[in-house]
Protein chains: 2
Amino acid sequence: MSSAGYLVNNLARLLVEVLRKRIAPLGIVPGQFPTLLALWEREGLTQKELLGMLDIEQATLANTLTRMERDGLIVRKEHPADARARVIHLTERGRSIRDSAYQAALEINEDVLADLNDDEVQAFLGYMRRVIGRIKRLEKEKV
Amino acid sequence: MSSAGYLVNNLARLLVEVLRKRIAPLGIVPGQFPTLLALWEREGLTQKELLGMLDIEQATLANTLTRMERDGLIVRKEHPADARARVIHLTERGRSIRDSAYQAALEINEDVLADLNDDEVQAFLGYMRRVIGRIKRLEKEKV
DNA sequence: TATCGTTGCATTGCTTGCTATGTAATATTA
DNA sequence: TAATATTACATAGCAAGCAATGCAACGATA
């Protein structure tokens with residue numbers, strides 16, 4: 001029970017739970033984090049634009065945005081030029097948790113990687129990027 | 001967008017989808033894989049015993065077992081000595097896909113890690129085990 | 001300009017994870 | 001042994017992922 005796939009899956013779930021506990025006081029959940037990071041960089045994006053930054057499927061993002069709107073983190077306003085699209089803005093609340101959230105993310109990163117030195121961390125990240133690249137290339141070839 | 005957490009999560013999702021596509025012809029889904037691996041090793045386990053091998057929560061396993069029973073992979077029979085417990089057996093169908101499933105898992109492992117040499121694979125697995133260990137230790141301390 | 005394909009987003013339904021809680025059955029103890 | 005605690009499993013409800021599909025609005029073209 002320790003193939004790469006099993007370990008990656010296990011690690012991912014552990015990390016999500018660590019993140020969940022740390023950001024719970026901010027009133028957000030792990031699935032909202034990548035979207036918030038993007039919106040803290042730039043507001044007023046459409047769902048399409050956001051999607052381009054996020055490695056998730058459109059349906060997943062649409063549902064996540066609905067929950068974020070329900071939770072008072074964002075608002076979807078009408079697009080000035082295209083009635084199909086909507087522009088996404090942070091609420092004051094969504095904006096206000098930015099610094100604490102960045103802080104939490106940094107702390108988790110440090111805590112969790114504390115047993116690896118800098119070179120090892122770089123090697124680890126490098127391996128993951130290479131495997132991710134490999135899988136994406138495999139998928140493209142088959143199409 | 002390339003912290004360890006983000007990469008791990010991304011990689012885990014990619015791997016699950018690769019697995020999903022490869023095992024779809026066998027009529028099973030990724031969440032059933034670890035349970036099947038355990039049952040192919042030994043049948044007639046209780047849920048409790050299975051749980052001890054699986055790094056998931058009891059409720060998750062109970063639901064997975066229900067879907068596996070629905071899909072005709074396992075049957076839950078009454079425990080000879082304890083009326084609360086049930087022993088879990090593979091159906092003929094569950095048993096029959098064993099070799100193809102092992103084969104699929106091996107192939108995926110190879111395909112996906114093909115850009116890393118043996119030393120790099122070992123290093124990669126080692127890093128994951130260390131980080132997993134670190135997180136579990138962190139959680140224990142807090143309790 | 002009327003038609004028709006494309007685009008942007010929402011919805012539905014499923015899986016797989018979680019926590020919290022319910023319910024028998026079993027085990028312990030007063 | 002009656003009361004109580006614990007155990008084994010199930011259930012409910014939510015999050016976050018996916019594919020498939022629906023629908024209105026937009027854009028291109030005959």
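Chain letters run A, B, ... following the sequence lines, proteins first and then strands; every chain starts at 1.
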### Check ion pair Arg129(A)-Asp115(B) (N to O, under 4.0 angstrom)
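Looking at Asp115(B) together with Arg129(A), the answer is no, because their closest N to O distance does not fall below 4.0 Å.
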[X] [atom1] to [N] [atom2], straight-line distance once rounded to whole Å:
X        : N       : atom1 : atom2 : result
Glu69(A) : dC9(C)  : CD    : P     : 13 Å
His79(B) : dT26(C) : NE2   : C1'   : 12 Å
Leu19(B) : dG17(D) : CG    : C1'   : 15 Å
Ile88(A) : dG8(C)  : CD1   : P     : 13 Å
Leu65(B) : dA10(D) : CG    : P     : 7 Å
Leu51(B) : dG17(C) : CG    : P     : 12 Å
Glu57(B) : dC14(D) : CD    : C1'   : 15 Å
Ile28(A) : dA16(D) : CD1   : P     : 10 Å

When you get a sec, tell me which of [options] is the closest nucleotide to the side chain of [X]?
X        : options                   : value
Arg20(B) : dT15(C), dA10(D), dC18(D) : dT15(C)
Arg13(A) : dG17(C), dA12(D), dT26(C) : dG17(C)
Asn63(A) : dC9(C), dC18(D), dA16(D)  : dC18(D)
Lys48(A) : dT11(C), dC18(C), dG8(C)  : dG8(C)
Gln32(A) : dT12(C), dA16(D), dT11(D) : dA16(D)
Ala59(A) : dT11(C), dG17(D), dC9(D)  : dT11(C)

### Message
For the residue pair Asn9(A) / Arg13(A), report whether a side-chain donor-acceptor contact shorter than 3.5 Å exists.
### Response
yes
### Message
Please find the pair of heavy atoms, one from Leu51(A) and one from Ile56(A), that lie closest to each other, and give the distance.
### Response
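Leu51(A) and Ile56(A) have their closest heavy atoms at CD1-O, 3.5 Å.
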### Query
Looking only at heavy atoms, which two atoms of Thr66(B) and Arg76(B) are closest? And how far apart?
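In this case the closest contact between Thr66(B) and Arg76(B) is OG1-NH2, 2.8 Å.
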Is the shortest side-chain N/O distance from [X] to OP1 or OP2 of [N] below 4.0 Å?
X        : N       : answer
Thr60(A) : dC18(D) : yes
Arg70(B) : dT15(C) : yes
Arg86(B) : dC9(D)  : no
Arg76(B) : dC9(D)  : no

### Task
Report yes or no: is there a donor-acceptor pair, N or O only, under 3.5 Å between the side chain of Gln58(B) and the base of dA10(D)?
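For Gln58(B), whose side chain was compared with the base of dA10(D), there is a donor-acceptor pair (under 3.5 Å).
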### Query
Parallel under 30°, tilted from 30 to 60°, perpendicular over 60°: which one fits the rings of Phe33(B) and Trp40(B)?
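The rings of Phe33(B) and Trp40(B) stand perpendicular, inter-plane angle above 60°.
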### Message
Students often get this wrong, so: under 4.0 angstrom with heavy atoms, is Thr46(A) touching a base, only sugar-phosphate, or nothing?
### Response
sugar-phosphate
### Message
Assuming nearest nucleotide by heavy-atom distance, tell me which of Asn9(A) and Ala85(A) is located more 5' along DNA chain C.
### Response
Ala85(A)
### Task
Between Ile56(A) and Arg84(A), name the one whose nearest nucleotide on DNA chain D is closer to the 5' end.
Ile56(A)
### Query
Closer to the 5' end of DNA chain D via nearest nucleotide, is it Asp82(A) or Gln47(B)?
Gln47(B)
### Query
Side-chain heavy atoms under 4.5 angstrom apart, residues restricted to Ile, Leu, Val, Met, Phe, Trp, Tyr: same cluster for Leu11(A) and Ile132(A)?
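Yes, one cluster joins them.
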